Amino acid sequence: MDQPRAGRHYPRSAGEFQSWFPTDADCLDYLEWLRWPDGFSCPACGGSGWRLGDGRFECAGCGGRTSVTAGTIFDRTRTPLTVWFTACWMFATQKDGVSAQSLQRALDIGSYQTAWAMLGRLRSVLVRPGRDLLSGTVEVDETFIGGEEPGLRGGRARGRKSLVGIAVEIMEPKGMGRCRMAILEDAPAGTLRPFITGNIEPGARIITDAWQGYHGLADLGYRHERRSQRAARARGEDPGELLPAVHRVASLAKRWLLGTHQGSVDAAHLASYLDEFVFRFNRRRSASRGLVFYRLLELAAAHDPVRYRDLVASQLRLRAPSAPPQSRGRPPSLERPPADRPWRGRDLESSG
């Protein structure tokens, strides 16, 4: 499909979303269409097949059997698809996203752990394989993301914070394009170069500060422009204005973590939150949030299963509310019969 169309391939509004996906069967059919738009294709051999009585498909070639959700992030899920789809809609359409605690309350999910794992699975699919590299003019810098620590004010003193590389496209005549963010092990060239070559197209013009870790970029095929903060101070200029785009993105990312997640993001899971921020930032000008919902589900349907043990990157006990509790709860389906206007009930009338 070249370009999905609103109202046909994805819902245009919350009202249309509710009318499209009132039942788990509707959600399953949409996932089937996303995964196999031209009809069933066997994941093992690519052959065609037919639907079985239990809803699964059987391949005519290899005889393998599979379901619509098998091999996706919805594989073996006990959470009803109406809940999954509503979570995806909230995740995609709310400007700043949604926290696990808010998701749990909104969808009547039995435990914080289930909501936390659902959002973790969604974040795991946000990096599209083979995505285009940044091009043109790109600012690159690093920043530390983490809580305040006494005696560590700015600079490159790590402490317990995470060093994050940032690359931002600069548009002409003004504005910012796409961005990339990733956790770095350290700031020497050995770590910075893989970040740059993995995210920026060769031949691009790269603007950095004068940090020695950026030396040698010209040898990698880039046009490198260095801007010295020390020289800017000597000229009486604001060093923060030398790389305004990356500083702006770093500030937005930190504000988003503090606002949506109250800053309670453990270092072990920071990379996935950065992926979410980049996903949102790069789609900030999307004309339709429904299209973002479509892209999210498209990625989810094409992604390999993500197990809970894959999400728990650290065996250390996380600080609440980041730590998922030990109990697990299965949320009820949002597929429910009409409530017949309970606000018109006799009890309410008699109590008035």
Side-chain angles (χ1 to χ4, degrees), residues 1-40 51 55 67-69 72-75 77-109 114-115 118-126 128 256 260 275-303 330-344:
M1 186 188 308
D2 294 331
Q3 182 60 40
R5 288 161 45 186
R8 180 177 178 182
H9 301 118
Y10 59 86
R12 289 167 291 197
S13 64
E16 199 162 70
F17 169 83
Q18 291 175 341
S19 69
W20 279 28
F21 308 114
T23 70
D24 293 317
D26 293 319
C27 299
L28 188 65
D29 185 73
Y30 188 76
L31 274 183
E32 178 185 333
W33 170 77
L34 274 179
R35 192 174 183 188
W36 303 308
D38 299 320
F40 170 71
R51 190 192 304 271
S67 67
V68 174
T69 57
T72 73
I73 69 163
F74 307 109
D75 189 24
T77 182
R78 298 186 301 167
T79 301
L81 286 178
T82 48
V83 177
W84 265 113
F85 270 51
T86 305
C88 290
W89 181 262
M90 294 172 63
F91 184 91
T93 59
Q94 294 188 17
K95 179 182 177 181
D96 295 322
V98 59
S99 67
Q101 194 170 67
S102 297
L103 188 71
Q104 179 191 5
R105 292 172 177 172
L107 301 186
D108 195 23
I109 296 175
T114 300
M118 289 176 69
L119 292 178
R121 287 183 171 91
L122 292 180
R123 292 188 188 101
S124 69
V125 311
L126 298 181
R128 177 173 58 86
W256 173 73
T260 303
D275 288 340
E276 179 183 350
F277 174 82
V278 169
F279 179 85
R280 296 185 183 285
F281 182 87
N282 291 346
R283 289 161 180 79
R284 66 194 183 279
R285 297 192 182 95
S286 177
S288 171
R289 305 313 295 176
L291 179 57
V292 180
F293 164 79
Y294 169 86
R295 295 301 186 197
L296 176 62
L297 273 181
E298 188 179 41
L299 291 169
H303 198 278
R330 183 184 303 181
S333 172
L334 299 184
E335 178 183 340
R336 303 175 188 180
D340 196 23
R341 300 182 179 179
W343 54 91
R344 294 289 187 183

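Just so it is clear, the model here is predicted, and its values are computed rather than measured.
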Okay, side chain of Tyr294, backbone of Pro11: is any donor-acceptor separation there less than 3.5 Å?
-> no
Between SG of Cys88 and CZ of Arg121, what distance do you get to the nearest 0.5 Å?
-> 12.0 Å
Heavy atoms only: give me the nearest Trp36-Ser67 pair and the separation to one decimal.
-> CH2-O, 3.9 Å
Candidate pair Leu297 and Phe74, rule side chain to side chain contact (heavy atoms under 4.5 Å, CB included), full reasoning = CA-CA 10 Å; Leu297 273 181; Phe74 307 109; 3.9 Å; yes
Looking at Leu81 and Leu31, what are the two nearest heavy atoms and their distance?
-> CD2-CD1, 4.1 Å
In this structure, CD of Glu335 is separated from OG1 of Thr23 (nearest 0.5 Å) by 4.5 Å
So, do Glu276 and Leu126 sit near enough that their side-chain heavy atoms are less than 4.5 Å apart?
-> yes
Val125 side chain reached by Leu296 side chain, heavy atoms, under 4.5 Å = yes
Work out which heavy atom in Ala115 is nearest to a heavy atom in Ala100; give both atom names and the distance.
-> CB-O, 3.4 Å
Distance from Thr69 atom OG1 to Arg35 atom CZ, nearest 0.5 Å?
-> 8.0 Å
Over all heavy atoms of both residues, which pair between Met90 and Ala106 is shortest? Give the atoms and the distance, please.
-> CE-CB, 3.9 Å
Counting only heavy atoms not in Arg128, do more than 12 fall under 6.0 Å of its CZ?
-> yes
Cation-aromatic face contact Arg284/Phe281, 6.0 Å, 45 degrees = yes
Ignoring hydrogens and geometry, is there a side-chain-to-backbone donor-acceptor pair from Arg123 to Asp275 under 3.5 Å?
-> no
Determine the minimum heavy-atom distance between Pro80 and Asp24, stating which atoms define it.
-> CB-OD1, 3.7 Å
Taking the six-membered ring for Trp and the single ring otherwise, decide whether the centroids of Phe17 and Trp20 are under 6.0 Å apart.
-> no
Does Arg280 count as lying over the ring of Phe91, i.e. NZ or CZ under 6.0 Å from the six-ring centre, within 45 degrees of the axis?
-> yes
Give the C-alpha distance, both sets of side-chain angles, the deciding distance and a yes or no for side chain to side chain contact (heavy atoms under 4.5 Å, CB included) between Ile73 and Leu122.
-> CA-CA 8 Å; Ile73 69 163; Leu122 292 180; 3.9 Å; yes
Please round to the nearest 0.5 Å and tell me the distance separating atom CZ of Phe277 and atom CG of Asn282.
-> 9.0 Å
Correct closest heavy-atom pair for Leu291 and Pro4 would be CD1-CG, 3.6 Å
Are any side-chain N or O atoms of Trp256 and backbone N or O atoms of Asp96, one a donor and one an acceptor, separated by less than 3.5 Å?
-> yes
Pairing residues for Ala87 by the side-chain contact (heavy atoms from CB on, under 4.5 Å) criterion, not counting sequence neighbours = Leu103, Leu107, Met118
Atom OG1 in Thr82, atom CD in Gln18: separation rounded to 0.5 Å?
-> 12.0 Å
Of Tyr10, Trp84, Phe85, the residue whose pairing with Phe21 passes ring-ring contact (aromatic ring centres under 6.0 Å, His included) | Phe85
